[in-house]
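Both backbone and side-chain heavy atoms feed into the values below; hydrogens, waters and symmetry mates do not. Owing to the predicted nature of the structure, the values given are computational and were not obtained by experimental measurement.
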Amino acid sequence: MKRAALYARVSTARQEQEETIDSQIAEVKSRIIADGALLTSEFTYIDEGYSGSMLERPSLDAMLEAAKNQAFDVLYIYDLGRLSRQLSHLLIVTEHLEKYGREVVSLHERITGTPEDKFLLHIMGSMHEYERAKIAERFRRGKMYKAKSGKIVGYNAPYGYVYNKDNGLFEINPHEAIVVKNIFDWVVEEGLSSYAIIERLHDEGFQPPKKMSDYWSRGPISRILKNETYFGKHHFNKSESILPRTRIKDATRYRKIQKTGRRSRPREEWISFNVPAIISEELFNKAQIQLLRNSKFNAKNRKHEYLLTSLIKCTCGAGRNGDGPEGKKYYRCTARHRFQPTENKCHVGGLNV
């Protein structure tokens, strides 16, 4: 009896919700049973939410390692697109399996070692790559059509709003709207900095939403203060996905998609929607002026370069940034700032530069 392995993949959360991966697994398992092979849960490899354009996937790597160790005899897949939707990557994976002497069975393609089937493999790989590009373009055009017809695209409403699926519009979340209004008022009327706003929010008991983080930080505050949606103008098509410009800080972390960076589009390409306003446009503009003033008179020390900033880590897991006056410079744990003003979760001292 041959030892079987199963590999399955879906690329988006929507496909996961529609149980696409369950149907893949069910069909493949039926074929394994029909072939009289033995499959155990140990050799069932599933990558949920990973793009087919990514070669680095945790379960795919585990499967190839098992193939290298000859832990199974035959790999079953739904189709070649599950291994990869990029021809060059597909050839790398299949060549590795062939090198390790592992048989591959696809429910929708014939895979053997004959020159004819290798030629067909190239054709099918190209078709899967074309299909991926076609699906992405169709999805993009569908969103653009929906946006141009006056419907808000996407369910991720900015903080302060909720998305109504029935009418496709944003509605104000009363509790969060109070927080947004307070943040703008504090900047305009008191000139508070981001850290001062975080401390004020903590003192007044305003908890951040779970989708942001477990604590308030400068990132969400900055995004709130620069978002024109709050004075009634929501924009779609503001940016596009691109390959990240900088390296991934954690090289051991798997990415589910390839284009994790964002690039702003020209403003004339934006599509605008009228939504309920939480603040006035006048208050928003005053806040932008105050933010520039805060930045200009920021006392933060920019005179010195710290070559190892974000390249070294504290033993608690957080990064370290340069800090300190002349002659007393240290790399300090960023967790001391990140969790401010709540209880300090790190008590490790600084490292002398």
Side-chain angles (χ1 to χ4, degrees), residues 143-144 146-164 167-209 211-213 215-242 261-302 337 340-341:
K143 290 197 297 182
M144 291 295 291
K146 182 178 179 181
K148 290 179 179 179
S149 64
K151 296 180 181 178
I152 295 178
V153 179
Y155 303 147
N156 295 323
Y159 181 76
Y161 294 92
V162 293
Y163 181 79
N164 188 323
N167 57 23
L169 300 175
F170 285 169
E171 297 176 355
I172 292 177
N173 179 317
H175 175 73
E176 294 180 354
I178 293 174
V179 179
V180 172
K181 181 67 166 55
N182 284 340
I183 289 174
F184 277 93
D185 285 340
W186 294 337
V187 169
V188 173
E189 296 175 7
E190 303 179 44
L192 294 191
S193 66
S194 297
Y195 284 123
I197 291 173
I198 292 172
E199 188 171 357
R200 182 74 63 85
L201 289 169
H202 175 75
D203 291 343
E204 299 199 8
F206 292 115
Q207 297 297 320
K211 66 180 180 181
M212 280 187 182
S213 177
Y215 48 85
W216 287 103
S217 60
R218 295 183 65 191
I221 300 297
S222 176
R223 287 191 289 273
I224 287 173
L225 288 168
K226 295 181 183 299
N227 195 339
E228 297 181 5
T229 302
Y230 295 117
F231 67 80
K233 287 293 182 183
H234 180 69
H235 302 285
F236 173 69
N237 204 41
K238 290 175 61 177
S239 61
E240 59 183 336
S241 301
I242 60 170
R262 303 294 300 179
R263 176 173 60 197
S264 297
R265 296 180 186 272
R267 195 175 181 95
E268 56 268 21
E269 295 182 13
W270 297 7
I271 299 175
S272 299
F273 301 93
N274 292 322
V275 298
I278 294 177
I279 62 172
S280 67
E281 186 173 0
E282 180 184 7
L283 180 62
F284 180 86
N285 291 334
K286 286 182 178 180
Q288 307 315 301
I289 295 172
Q290 184 60 45
L291 290 174
L292 289 174
R293 188 179 294 118
N294 288 353
S295 177
K296 182 177 180 180
F297 295 102
N298 191 346
K300 184 170 64 175
N301 186 351
R302 294 188 177 89
H337 302 292
Q340 208 175 37

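Rounded to the nearest 0.5 Å, atoms CG (Asn227) and OH (Tyr159) are 13.5 Å apart.
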| task | I would like to know whether Lys233 and Glu281 meet salt bridge (Lys or Arg N to Asp or Glu O under 4.0 Å); could you show each step before the answer? | result | CA-CA 9 Å; Lys233 287 293 182 183; Glu281 186 173 0; over 6 Å; no
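Not counting sequence neighbours, the partners of Lys181 by the salt bridge (charged side-chain N to carboxylate O under 4.0 Å, His left out) test are Asp185. In terms of the side chain to side chain donor-acceptor pair (under 3.5 Å) criterion, residue partners of Glu228 (sequence neighbours excluded) are, by chain and number, His235, Arg267.
The aromatic rings of His234 and Phe170 sit perpendicular to each other, their planes meeting at more than 60°, with 30° as the lower class boundary.
Leu225 and Phe284 get closest at one heavy-atom pair: O-CE1, 3.5 Å. Counting all heavy atoms, side chain and backbone alike, Ile221 lies closest to Trp216 at CD1-CE3, 3.7 Å. Shortest non-hydrogen contact noted between Gly191 and Gln290 is CA-NE2, 3.7 Å. Gly160 and Val180 make their closest contact through CA-CG2, 4.4 Å (heavy atoms, listed as atom of the first residue, atom of the second, distance).
Relative to the ring axis of Trp270, Arg265 does not place its NZ or CZ within 45° and under 6.0 Å from the centre.
Note on residues 270-280: no pairs pass salt bridge (charged side-chain N to carboxylate O under 4.0 Å, His left out), not counting sequence neighbours.
Taking the side chain as every heavy atom from C-beta outward, Glu204 and Arg200 approach each other to under 4.5 Å. With a 4.5 Å cut-off on side-chain heavy atoms, Glu171 and Tyr161 do not count as touching.
A donor-acceptor contact shorter than 3.5 Å is absent between the side chain of Tyr163 and the backbone of Pro158.
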